[in-house]
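Let me begin by presenting the structure, written as structure tokens, before commenting on it.
Any value given below was found using the heavy atoms of this structure, including those in side chains, with hydrogens, waters and symmetry copies removed. We count ligands from 1, going down the list as the structure has it; atoms in each ligand are counted the same way.
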Amino acid sequence: MTRTVELAGFPHQRLNPLTGRWILVSPQRTQRPWLGKVEERPLEATLAFDPSCYLCPGNTRAGDARNPQYSSTFVFDNDYPALLPDTPHREIDESGLIVGRSEQGLCRVICFSPRHDRTIPRLSAQELRQVVDVWVEQYQKLGSMFFVNHVLLFENRGVIMGASNPHPHCQVWANATVPDEIQTEQNSLLQYRARIGSCLLCDYLRLELQLAERIVCENEGFVVVVPYWAVWPFETLLLSRRHFGAMDQLTSHERDLLGDILKRLTTRYDNLFETAFPYSMGFHQMPTDRKSHPEWHFHAHYYPPLLRSATVQKFMVGYEMLATPQRDITAESAADCLRGLSEVHYLQSRRA
Ligand SMILES: [Zn+2]
Ligand SMILES: [Zn+2]
Ligand SMILES: [Zn+2]
């Protein structure tokens with residue numbers, strides 16, 4: 001047992017060392033233990049092909065675009081991109097008060113599978129490897145474009161996360177400016193390295209493995225924890241055991257291990273409330289700005305909005321919107337919950 005226990009009974013603040021921001025934890029508001037799922041929800045769509053889906057093979061998308069009859073992964077430029085590669089350079093600065101600049105970039109969509117119903121937890125090891133391979137390929141390809149200094153691969157899953165389509169897919173946005181969240185974490189990683197002489201996330205991972213209070217699952221290459229400073233009820237942080245900056249440095253074996261850990265984690269998520277668990281997830285890795293980044297440690301964040309069941313959602317409103325994020329269920333109980341779940345997907349065990 002550790003000193004974290006000393007705070008367990010009272011409202012307390014936890015620091016996120018990656019962002020320097022604090023979160024408020026109120027464990028006294030969850031006096032009773034977690035009760036498991038409390039209500040039924042509609043079953044997941046189980047269509048293998050949906051004629052009205054713009055991501056299924058052979059279907060038409062926006063305008064005249066038609067998807068090929070693809071049989072594994074499929075990558076295309078977003079039909080409604082948030083960033084454009086041919087944006088001209090413009091800057092405004094009115095007395096340092098009204099300051100703006102144009103931003104160059106591009107957005108792509110990556111379909112994980114031709115199957116409309118094959119989400120990450122339901123892909124085979126071989127299919128997951130194809131997904132990891134295409135991620136690495138896109139990170140490298142887009143990152144090597146002359147104006148691209150950062151590449152973000154992220155997945156929005158579920159209607160409440162704003163995903164417009166349940167077909168398993170993710171997005172990749174590549175742009176000229178290193179985004180705020182990445183820059184903030186990079187500053188923290190650099191400062192820690194300058195102060196302590198080692199990697200913040202290597203040291204944090206070592207501490208978590210030693211304490212064994214917040215670990216959800218692990219394999220030879222990766223560990224998933226509910227971070228001490230988690231904001232979302234079932235937020236997780238996926239860390240590589242080895243120190244490296246980006247997914248193009250994954251060994252072939254680690255690519256398989258990444259697929260494996262993603263499947264284990266998302267299966268647990270789906271099993272938690274027996275639903276297609278919604279989340280936003282993304283990989284944080286070193287910028288592609290042609291500078292050396294020994295400080296970067298490859299990782300992924302999962303931010304899921306569900307609280308107590310498939311239908312009860314956490315909202316960031318009130319105090320959280322105006323002051324600082326707050327949570328009731330502690331990171332330790334959330335980790336206990338997730339760790340205890342089966343690695344067999346509930347749809348599969350129902351069929352058995
Ligand atoms: Zn589809
Ligand atoms: Zn590290
Ligand atoms: Zn991060």
Near the Zn ion (ligand 2) (cut-off under 2.8 Å), count of protein N, O or S atoms: 4
With a 4.5 Å heavy-atom cut-off, do V134 and V75 have their side chains touching? yes
Flag the pair H301 / E185 as yes when at least one side-chain heavy-atom distance between them is below 4.5 Å, and no otherwise. yes
hydrophobic_cluster_shared for V178 and M247, side chain cutoff 4.5 Å: yes
In one Ile/Leu/Val/Met/Phe/Trp/Tyr side-chain cluster, 4.5 Å: F154, F277: no
Which is it for R339 and E332 under the salt bridge (Lys or Arg N to Asp or Glu O under 4.0 Å) test, yes or no, and what are the steps along the way? CA-CA 10 Å; R339 190 171 47 243; E332 295 71 41; over 6 Å; no
Do the charged groups of [X] and [Y] touch, with an N to O distance under 4.0 Å?
X    : Y    : result
E343 : R264 : yes
R193 : E295 : no
K141 : D248 : no

Do F283 and W135 make the cut of ring centroids closer than 6.0 angstrom? yes
Determine whether the aromatic ring centres of residues Y269 and Y302 are separated by less than 6.0 angstrom. yes
Just checking, any donor-acceptor pair under 3.5 angstrom between side chains of Q191 and S188? no
Run through the protein N/O/S atoms less than 2.8 Å from the Zn ion (ligand 3) and write them out by chain and number. E185 OE1, E185 OE2, H284 ND1, H299 NE2, H301 NE2
How would you list, by chain and number, every residue that makes a side-chain contact (heavy atoms from CB on, under 4.5 Å) with S342, sequence neighbours excluded? N271, V344
E208 versus V226, closest heavy-atom pair with distance: OE2-O, 4.5 Å
Near the Zn ion (ligand 1), meaning under 2.8 Å, the protein N/O/S atoms are C53 SG, C56 SG, H116 ND1, H167 ND1
